Undergrad: 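The structure's right below; bear with me while I get my questions together.
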Amino acid sequence: MSRILLRGGRVLDPATNTDKVCDLLMEDGLVLEVGQKLSAEDAVVRDVSGLWVAPGFCDMHVHFREPGLEYKEDIASGGRAAVAGGFTSVACMANTEPVNDDPAVTDFIIDRARADSPARVYPIAAATKGLQGQVMTEMSALVEAGAVAFSDDGSTIMDGGVMRNVLEYSCLVKKPVIVHAEDCCIRGKGVVNEGPVSTRLGLPGNPTAAEDVLVARDIALAKVTGAHVHIAHVSSAGAVEQIRDARARGVHVTAEVTPHHIELTDEATLGYDTNTKMAPPLRSQADVDACQAGLVDGTIDCIATDHAPHAVHEKDTDFIEAPCGIIGLETALPVCLGMVRSGALSPLEMMRRMSTEGVKLLNCPGGSLEVGAVADVVVIDPDLTWTYDPMKGYSKSRNSPWSGKPLTGRVLATYVGGKLVFDVNEGVLFP
Amino acid sequence: MIGRDLLSMEDLSREDIEKILDTAAHMQEIGQRAVKKVPSLRGRTIVNLFFESSTRTRMSFEIAGKRLSADVINFSASSSSLSKSESIMDTARTVDAMDPDLVVVRHKVAGVPKIIADALSAPVINAGDGAHEHPTQALLDMLTVKQAKGRIAGLTVTIVGDVLHSRVARSNIYGFIKMGAEVRIAAPPTMLPPGIEALGVKAYTSLRQAIEGADVVMMLRIQMERLQGALFPSVREYSETFGLSRTKLRVAKPDCIVMHPGPINRGVELSHELADGGESVILEQVRNGVALRMALLYLFTGRPSKDEEVAALGEETK
Ligand SMILES: [Zn+2]
C-alpha cells in the first residue's frame with residue numbers, strides 16, 4: 001500500500017494531547033510517524049500548511065435507514081455523507097424496517113457497510129424486540145454479530161421495570177444502553193420547546209421536564225444496576241446538571257449532545273420551518289448555554305449528530321405532521337466550530353469531543369494519531385466560509401436548517417484506514 | 001404599509017389596524033342598504049380554502065366577497081376528494097394554479113397559512129390556524145369595541161377561558177395591546193400558556209380579580225368534550241369558577257360589555273341572561289365580521305402577486 005504524507009499541518013491529536021505544526025505519515029493503513037520534516041520518499045505528499053489535521057470524527061448516533069427506508073437514506077449515501085463531513089466512524093440506530101433486533105439484521109448492516117460505505121459503520125441494536133419496550137433482545141447474539149450498543153432511541157422504554165431489566169442484563173455484554181430521554185406522557189403532543197416560543201407559535205409545547213424526569217429515572221437505574229447508561233442528545237439544563245452530579249457520584253453515565261442543541265435555540269422555530277423540528281426540540285438560550293458548559297467540563301462526552309434523514313415530501317407539510325429530525329453529518333464541523341470561535345473550547349478539545357471520546361464509548365478503532373493507530377484522519381480548513389447546499393451534498397435527504405446558509409469551517413479531506421475517501425475538490429472517492 | 005398577506009396580528013402595526021378599522025367602518029354602510037352590493041371587486045376571484053370546517057367564518061367571508069361583487073369559491077378540503085392522499089401543499093398549489101386573486105386559509109394546525117403564503121403567488125388571509133392566530137376575528141372584535149366604547153386606548157379588556165388553545169385570545173392580545181388597551185387574561189392554571197405574560201398581559205387565576213373594573217369581558221368557548229377531566233375536572237366546576245353570570249359581572253365597570261367569538265356553550269362559559277342581555281354585543285360581533293372582512297378583501301385582493309412585485313422592482317431599477 002502507498003504512503004501518504006500530510007506536510008506542515010497543525011496536528012491536533014487529543015489522544016496524545018498533541019497540538020503542534022508538523023508532518024504526519026501514513027502507511028499501510030496506519031499512522032507511521034508524526035514529526036518534523038519527515039521524509040517524503042515513496043509518499044504521495046499533500047501540503048496541509050495552514051490547515052488542521054485531526055483524527056477522523058466519530059458519530060455514535062446516526063440513522064442510515066437501511067434496511068427498509070432507503071428512500072430517505074441508505075448505508076451507501078449515509079456513509080458518503082459521513083466522510084464528506086469528516087466522520088470516519090458512525091454508529092447507526094436500530095429503527096430500520098425490519099428493526100435491528102435480530103443478529104441477521106445486524107449481519108446485513110455490517111455486510112452492506114463493508115461493501116457500500118467509505119466510513120466505518122457500527123450497528124446499534126434495539127434494546128427491546130421491535131422497539132416495543134417490552135421484551136429484551138438477544139444481547140449476546142447481537143454483540144456476537146457486531147452490535148456496539150443497545151438503544152430503542154425515539155421509542156423510549158417507558159416501563160421503568162423493563163428498563164431496569166434491560167440495564168441489568170446489559171452488564172452481561174458490557175455495552176452501553178443509549179437512552180432517548182423523553183417521558184412521552186409529559187411530552188404529550190408537544191412539538192416545540194414549551195415556553196414563550198410555543199405560546200407565540202400556538203403549537204403544543206414539550207417541556208424540559210419530560211427530559212429531566214427520564215434522565216433522573218435512568219441515572220437511578222444505572223446506579224442500582226451498575227450498567228452503563230448513555231444519554232443521547234442532551235438538550236436541557238436540568239439533564240446536564242443531573243448527569244454532572246451522577247458522574248461525580250461515580251454512576252456510570254455518559255452523554256452526547258448534537259451540534260444543533262449547542263447552536264440553535266427554539267427561536268429558530270418561529271417561522272414554522274419543519275427543518276427545525278426535532279426530538280428533543282430546540283430549547284431556550286439557558287439550555288443551550290448549559291449544554292455548552294457540559295461539553296466544556298466533560299459532563300457531556302461527545303458530539304453526535306442524530307443525523308435523521310427524511311424525504312422532502314415528508315417535511316413539506318405542517319409542523320405537527322412533519323417527522324422529527326434533521327440531517328447533520330455534513331454540517332457538524334462548521335456548526336461545532338462556533339464554540340471554538342467563541343473561545344469556549346480550544347481546537348484540540350473540540351476535536352476530542354468530535355472524535356476521541358466517541359471512539360472510546362464505542363470501543364472501536366480510530367480517534368488517535370498515535371504511531372500505530374489506524375490512519376483515520378481528517379484535514380480541516382477552520383476558516384473557509386462556504387454555502388451549504390444539501391442538493392450538492394451526499395445524503396439522499398435535504399432536511400437541514402442550514403440549507404443555503406453560509407458556514408465557516410470545512411472538511412477538505414478524509415482518510416479512512418490510510419485511504420483518501422473524500423477530497424473537497426474531487427468529492428467522495430469510493431468505488 | 002400593510003404587507004402582502006394577513007397572517008397574524010403580531011405582524012400588524014398600529015397604523016395597519018387603524019386603516020383596516022376605518023375601512024371597515026365605511027363598509028358597514030353598504031350592509032345597511034337595501035341592495036347590499038358594490039362593484040369594487042368585480043372580476044376578482046377569492047378562494048376560501050378551508051381545511052378545517054367552519055360554517056360561520058366561511059359564510060362571513062363569502063357574504064363579504066359577494067357584497068363586493070367578487071367571485072367567491074369555497075374549497076372545503078375536508079369534503080374534497082383531493083384531501084384523501086394529497087398534501088396540504090399540493091392542494092394549495094393546485095388552487096394557486098387557477099390564479100385566484102386572494103386565498104383565505106383556515107387549518108387546524110398553527111403555521112399552515114404562513115407556509116401556504118410562502119408557496120403561493122396570491123395573497124393569503126389567515127382565517128384561523130390552530131392555537132396560533134385568528135386575526136380577522138380580533139379585528140372584528142376591535143371594531144366592535146371601538147364602536148361600543150368610542151375608543152380602544154385606555155380600556156381594560158379581560159379575556160377569560162381556554163387561552164392555551166385559543167387563537168382568538170392570542171390575536172386579541174396582540175391587537176388590543178397595540179391599540180393601547182390593558183389586557184388581562186383569566187383561566188385555570190392548566191389553560192394559561194407558559195410565558196404568556198411575555199406578550200404584555202397580566203394573567204389571573206381568579207375570575208373576580210380579572211374582571212374587576214373591566215370595560216370589556218371576552219369569554220372564550222371551552223372545548224368540553226376534549227378537555228374535561230384533563231385540563232379541568234368537570235363542566236360544573238368550570239362554570240362555577242370561570243363561567244360568567246350577571247352577578248359575577250358586578251365587579252366590572254357598570255357599562256362593561258360582554259363578548260364571545262361563538263359558538264356559545266350557554267350555561268357553561270356564559271349564562272343565558274348575559275348572552276341575551278343588554279351587556280352582550282355578541283350579535284354585533286357577527287354583523288361587524290362581514291364589514292370587517294369586506295374591508296380586508298378590499299385591501300388585500302388585487303395586491304400585486306409575487307411575480308408582479310418582482311417585475312415591478314425590475315422596472316424600477318431600469
Ligand atoms: Zn433520539
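Since the model is a prediction, treat every value here as computed from it, not as a measurement.
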Undergrad: Side chains of D74(A) and R65(A): does their closest heavy-atom pair fall under 4.5 Å?
TA: no
Undergrad: For E10(B), I'd like to know if atom CD has over 12 heavy atoms of other residues, nucleotides or ligands within 6.0 Å.
TA: yes
Undergrad: Tell me whether the centres of the aromatic rings in H233(A) and H180(A) are closer together than 6.0 Å.
TA: yes
Undergrad: Between F75(B) and V95(B), is any pair of side-chain heavy atoms under 4.5 Å apart?
TA: yes
Undergrad: Do the rings of Y272(A) and H132(B) sit parallel, tilted or perpendicular, given the 30° and 60° boundaries?
TA: perpendicular
Undergrad: Does R58(B) CZ have over 12 foreign heavy atoms under 6.0 Å away?
TA: yes
Undergrad: Any residues in residues 156-186 of chain B near chain A, with a heavy-atom distance under 4.5 Å, and which are they?
TA: R170(B), Y174(B)
Undergrad: Which residues, numbered in order, of residues 189-202 of chain B come under 4.5 angstrom of chain A by heavy-atom distance?
TA: P193(B), P194(B), G195(B), I196(B), L199(B)
Undergrad: With side-chain hydrogen bond (donor to acceptor under 3.5 Å, both in side chains) as the test, would you mind laying out the steps for H307(A) and E330(A) before giving the verdict?
TA: CA-CA 9 Å; H307(A) 179 81; E330(A) 293 171 77; over 6 Å; no
Undergrad: How long is the span from the CZ atom in R221(B) to the CG atom in N265(B), to the nearest 0.5 Å?
TA: 4.0 Å
Undergrad: Hey, could you give me the CG/CG distance between D273(A) and N399(A), rounded to the nearest 0.5 Å?
TA: 10.0 Å
Undergrad: Would you give the length of the straight line joining atom CD1 of I327(A) to atom OG of S397(A), rounded to the nearest 0.5 angstrom?
TA: 6.5 Å
Undergrad: Could you list which of residues 310-326 of chain A have a heavy atom closer than 4.5 Å to any heavy atom of chain B, in residue-number order?
TA: D316(A), T317(A), D318(A), F319(A), I320(A)
Undergrad: Can you tell me how far CG of N275(A) sits from NE2 of H260(A), rounded to the nearest 0.5 angstrom?
TA: 11.5 Å
Undergrad: Output all residues satisfying salt bridge (Lys or Arg N to Asp or Glu O under 4.0 Å) with D90(B), sequence neighbours left out; order by chain, then residue number.
TA: R93(B)
Undergrad: Could you check whether R293(B) makes a cation-pi contact with F61(B), meaning its NZ or CZ is under 6.0 Å from the centre of the six-membered ring and within 45° of the ring axis?
TA: yes
